[in-house]
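As a basis for the values below, the full set of heavy atoms in this structure was taken, side chains included, without hydrogen atoms, waters or symmetry mates.
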Amino acid sequence: MQNPNYDHHTIEKEIYDYWEKNKFFKPNKSKKKYFSIVIPPPNVTGSLHMGHALNNSLQDLLVRFHRMNEYETLWQPGTDHAGIATQAIVEKKLSEKGINKNKLGRDNFIKEVWKWKKESGDQILNQLKKLGCSCDWSRNRFTMDKDLSEAVTKTFVLLYKKKIIYKDTKLVNWDTKLETAISDLEVEQKEVQSNLYYIKYKIIGEDSFITIATTRPETMLGDTAVAVNPKDERYRSYVGKEIKVPIIERKVKIIADKFVSMEQGSGALKVTPAHDFNDFEIGKRHKLKSISIFEKNGKLNNTVPKELIGLDRFVARDVIIKTLKENNLLEKIENIKNTVPFGDRSNSIIEPLLTEQWFADAKFLAKKAIHVVKKKKTIFFPHNWSKTYFQWMFNIQPWCISRQLWWGHRIPAWYSKDKKIFVAENEQEANKIAKKYYKKNVELKRDEDVLDTWFSSALWPFATLGWPKKTYELKRFYPTSVLVTGFDIIFFWVARMMMMGTHLIQKEPFSKVYVHALVRDEKGQKMSKSKGNVIDPLDIIKKYGADALRFTLISMAAPGRDVKLSEDRVKGYRNFLNKIWNANKFSKINNCKLSKKLNIKKTKLDVNKWIFFELVKTNFEAKKAYIKF
């Protein structure tokens with residue numbers, strides 16, 4: 001007998017346990033077409049938030065629809081090792097116990113991370129179960145699993161052999177707090193209140209100055225030129241002359257370059273190739289020297305005057321400004337608002353730094369990934385998101401894939417004492433290649449760096465299905481049917497999966513990409529802890545049940561529109577679900593059944609014909625809506 005009242009606490013758990021026990025989430029072999037989705041792997045450090053709730057409710061809806069229509073259906077679950085975030089959490093936990101990561105050493109630190117992963121790493125998966133997600137949990141994967149790690153290593157070696165992966169010294173976004181390179185996409189541009197400093201540079205042999213405006217006066221210690229626009233009448237006669245960089249008294253040339261804006265600042269630009277992305281390009285064009293003035297922790301190195309060595313970059317800034325004032329070389333200070341890059345994980349100001357890193361030729365990898373979207377082999381819903389995809393793909397830069405961390409996939413490269421690189425799938429293979437090269441056994445040292453987290457998650461749609469092995473799952477479920485994702489990871493993840501799938505397997509990883517909106521508060525504001533308007537899905541599930549939350553999110557997820565969520569909406573849908581419960585109760589009391597042998601032609605009562613017609617019509621419209629998203 002059905003419970004007299006709908007109590008989501010007991011009923012949802014009972015139903016979910018019954019489903020799991022009977023293995024209803026595993027694919028049933030079928031001659032019909034297959035349907036597959038890979039879960040965007042949440043960070044192993046994560047906890048369920050409203051974006052996850054919407055994303056996974058939509059996936060579950062599509063998965064259940066195809067499963068009920070007898071498709072062989074796989075929803076592939078798993079989590080991402082989240083290099084920076086996980087390392088930061090474990091480091092913090094160790095420091096609370098008075099343990100220093102560096103004293104512990106790499107191997108012992110990695111053991112501590114695995115220990116943490118075992119204790120709390122599956123928290124988010126249990127929360128997805130609470131949401132009612134019908135993933136095939138028997139196939140749960142983790143980006144650091146042994147076979148997934150092997151797939152990552154194989155990919156690196158393959159791409160290195162094809163010269164798509166290479167090592168180079170370039171300017172990268174450097175996080176001085178985490179002491180690692182980070183991607184452009186992990187940099188958050190924030191508008192802040194700043195100072196614009198107007199500094200006088202003396203022209204050698206003349207009793208005159210050129211004034212340079214900068215927000216980062218400390219970088220002048222690495223200046224190797226001053227640039228002006230060739231069309232700027234004010235400075236045309238100075239081009240080719242020498243100028244003196246204040247404090248360090250370095251003689252540098254005045255050069256002409258079209259990049260310099262005549263309207264910005266004073267119209268003259270100090271050029272520091274080792275500490276600014278635009279200056280780096282100017283430096284390449286004019287064959288300028290690159291002088292790096294920072295250590296990896298943001299302190300000044302030994303290329304600067306003695307009194308500044310070892311100072312933090314912002315402390316050094318204050319000292320430099322004081323010295324300039326004392327020497328009458330500071331014309332003025334202007335208060336301005338400008339955009340400053342911050343690391344999205346550390347919240348510290350990012351410093352462009354010249355370092356040796358591993359790169360992937362993203363421009364080459366992007367070619368096929370662009371082609372499949374152009375040819376509509378992969379279609380974005382709503383369609384306008386393809387413009388966002390193309391805009392980034394056409395302007396793609398080399399992808400810096402190395403990170404100066406301990407947690408992650410260690411780069412499979414070994415070095416001899418004379419810095420020759422040997423890339424191989426394991427140390428034994430590297431030694432073999434080195435022996436062949438040197439005609440004797442030599443000592444090799446492995447690269448200390450790990451790969452960018454997005455490098456391994458780029459392989460997710462096929463590595464989780466067994467690639468590079470030729471498994472049944474890979475043959476049956478790849479390419480996957482649809483990817484459900486938020487727009488914020490189109491560049492991070494969607495584009496990278498497209499690049500790796502089209503290159504390694506010669507097939508796009510999904511035929512459709514459904515891009516859902518953001519979940520905002522009832523006023524349409526973005527949810528944030530600082531605003532205090534975050535709605536916790538776990539609190540809502542506890543109060544109203546998973547079905548009520550899912551129903552609310554899905555009913556409001558119209559393409560192209562953000563979801564404005566309020567607790568009252570959830571309450572309203574909970575009441576609606578209660579009506580369904582009561583309707584079912586009424587049917588049971590009256591012994592109502594829908595017979596599969598029903599012959600509508602023999603039905604006599606008009607009300608029954610009407611009910612049947614409405615049922616068929618609703619079913620038809622619902623199916624059409626599912627297929628069209």
Q) Atom NZ of K523 and atom CG of N533: how far apart are they, to the nearest 0.5 Å? A) 8.5 Å
Q.
Please find the pair of heavy atoms, one from A362 and one from Q397, that lie closest to each other, and give the distance.
A. CB-O, 3.4 Å
Q.
Testing the 3.5 Å rule here: is there a donor-acceptor pair between the side chains of S120 and W116?
A. yes
(Q) Quick check for you: to the nearest 0.5 Å, what is the distance between L483 atom CG and I489 atom CD1? (A) 7.5 Å
**Q.** Side-chain donor/acceptor of D7 to backbone N/O of H9, under 3.5 Å
**A.** yes
**Q.** N/O donor-acceptor pair under 3.5 Å between T502 side chain and K507 backbone
**A.** no
Q.
If you count every heavy atom of other residues, nucleotides or ligands that lies below 6.0 Å from Y18 atom OH, does the total exceed 12?
A. no
Q) What do the steps show when you test W407 against V90 for side-chain contact (heavy atoms from CB on, under 4.5 Å), and what is the final call? A) CA-CA 10 Å; W407 173 242; V90 178; over 6 Å; no
Q. Is a donor on one side and an acceptor on the other found under 3.5 Å between the side chain of T603 and the backbone of N608?
A. no
Q) Yes or no on side-chain contact (heavy atoms from CB on, under 4.5 Å) for K374 and F390, after CA distance, side-chain angles and deciding distance? A) CA-CA 9 Å; K374 272 188 169 179; F390 285 136; 3.8 Å; yes
**Q.** Nearest non-hydrogen partners of L131 and A546, listed with the distance
**A.** O-CB, 3.7 Å
**Q.** Side chains of I124 and T79 in contact at under 4.5 Å (non-hydrogen atoms)
**A.** yes
Q. Is it true that atom CZ of F394 has more than 12 heavy atoms of other residues, nucleotides or ligands lying nearer than 6.0 Å?
A. yes
Q: Supply the atom-to-atom distance K617 NZ to W610 CH2, rounded to the nearest 0.5 angstrom.
A: 10.0 Å
(Q) Would you say that W392 contacts I490 through its side chain, given a criterion of any heavy-atom pair below 4.5 Å between the two side chains? (A) no
Q. Do W75 and D60 meet the criterion of a side-chain donor-acceptor pair at a distance under 3.5 Å?
A. no
Q. Looking at K115 and E112, does any basic side-chain N land under 4.0 Å from a carboxylate oxygen?
A. yes
Q: Tell me, yes or no, whether the heavy-atom count around K368 atom NZ, taken from other residues, nucleotides or ligands under 6.0 Å, exceeds 12.
A: yes
Q | Heavy-atom pair of closest approach, residues E72 and S30 | A | OE1-N, 3.4 Å
Q) Just how far is it from atom CG of N56 to atom SG of C135, taken to the nearest 0.5 Å? A) 6.5 Å
Q. Do any N or O atoms from the side chain of D452 and from the backbone of W454 form a donor-acceptor pair under 3.5 angstrom?
A. yes
Q | Shortest non-hydrogen contact between G486 and H516, atoms and distance | A | N-NE2, 3.5 Å
Q: Report yes or no: does S587 contribute a side-chain atom to a donor-acceptor pair with the main-chain N or O of K585 at less than 3.5 Å?
A: no
Q) Between the side chain of Q76 and the main-chain N/O of D136, is any donor-acceptor distance below 3.5 Å? A) no
Q. Out of curiosity, L504 CG to L459 CG, how far, rounded to the nearest 0.5 Å?
A. 6.5 Å
Q) Taking H81 as the fixed residue, which of T143, D145, N43 is the one that meets the side-chain hydrogen bond (donor to acceptor under 3.5 Å, both in side chains) rule? A) T143
Q) Parallel, tilted or perpendicular for F487 and W385, by the 30°/60° rule? A) parallel
Q. Around atom CZ of F25, are there more than 12 heavy atoms of other residues, nucleotides or ligands at under 6.0 Å?
A. yes
(Q) Taking the side chain as everything from C-beta on, heavy atoms only, tell me whether P40 gets closer than 4.5 Å to Q59. (A) yes
Q: Step through the shown structure and confirm whether more than 12 heavy atoms of other residues, nucleotides or ligands are within 6.0 Å of CD on Q506.
A: yes
Q: Give me the one residue out of F462, Y478, F477 that meets ring pair (Phe, Tyr, Trp, His ring centres under 6.0 Å) with W467.
A: F462
Q.
Is it the case that the side chain of N347 and the backbone of F342 share a donor-acceptor pair, with hydrogens and angles ignored and the cut-off at 3.5 Å?
A. no
Q. Does the pair F455 and I165 meet the rule for a side-chain contact (heavy atoms from CB on, under 4.5 Å), with working shown?
A. CA-CA 12 Å; F455 188 90; I165 281 177; 4.0 Å; yes
Q) Quick one: does Y544's side chain get under 4.5 Å of L549's, heavy atoms only? A) no
Q. Under 3.5 Å, is there a donor-acceptor pair between the side chain of N55 and the main chain of G51?
A. no
Q) Does R569 CZ have over 12 foreign heavy atoms under 6.0 Å away? A) no
Q. When you look at CD of E70, are more than 12 heavy atoms from neighbouring residues, nucleotides or ligands closer to it than 6.0 Å?
A. no
(Q) Between E186 (side chain only) and S183 (backbone N and O only), is there a donor and an acceptor less than 3.5 Å apart? (A) yes
Q: For residues T378 and F510, report the shortest heavy-atom separation together with the two atoms involved.
A: OG1-O, 2.7 Å
Q. NE2 of H8 to CZ of R574: how many Å apart, nearest 0.5 Å?
A. 8.5 Å
Q: Might you work through the salt bridge (charged side-chain N to carboxylate O under 4.0 Å, His left out) test for K129 and E20, ending with a clear yes or no?
A: CA-CA 10 Å; K129 289 181 182 184; E20 264 206 296; 3.5 Å; yes
Q: On the 0 to 90° scale, with breaks at 30° and 60°, tag the F380-Y389 ring pair as parallel, tilted or perpendicular.
A: tilted
Q.
Has R67 got a side-chain atom pairing as donor or acceptor with S134's backbone, closer than 3.5 angstrom?
A. yes
(Q) Would K117 pass as a cation-pi partner of F142, given that its NZ or CZ must be under 6.0 Å from the six-membered ring centre and within 45 degrees of the axis? (A) yes
Q) At their closest point, which heavy atom of H52 faces which heavy atom of L48, and how far apart are they? A) CB-CD1, 3.5 Å
Q: Look at the rings of F576 and Y573 and say which category their plane angle falls in: under 30° parallel, 30 to 60° tilted, over 60° perpendicular.
A: perpendicular
Q | Test item: R476 and T471 side chains (from C-beta on) under 4.5 Å apart, heavy atoms | A | no
Q) Is any side-chain heavy atom of D521 less than 4.5 Å from a side-chain heavy atom of L565? A) no
Q.
The test is side-chain contact (heavy atoms from CB on, under 4.5 Å); show your working for W460 and L148 and say whether it passes.
A. CA-CA 9 Å; W460 190 249; L148 266 74; 3.9 Å; yes
Q: Using salt bridge (charged side-chain N to carboxylate O under 4.0 Å, His left out) as the criterion, point out the one residue from K154, K469, R141 that pairs with D147.
A: R141
Q.
Does any part of the side chain of E188, heavy atoms only, come nearer than 4.5 Å to the side chain of K190, both counted from C-beta?
A. yes
**Q.** Crowding at CZ, F364 (>12 non-hydrogen neighbours, <6.0 Å)
**A.** no
**Q.** F629 and F381 aromatic centres sub-6.0 Å
**A.** yes
Q) Is the shortest side-chain N to carboxylate O distance from D17 to K13 below 4.0 Å? A) yes
Q: State, yes or no, whether a side-chain contact exists between N69 and F35 at a heavy-atom distance under 4.5 Å.
A: no
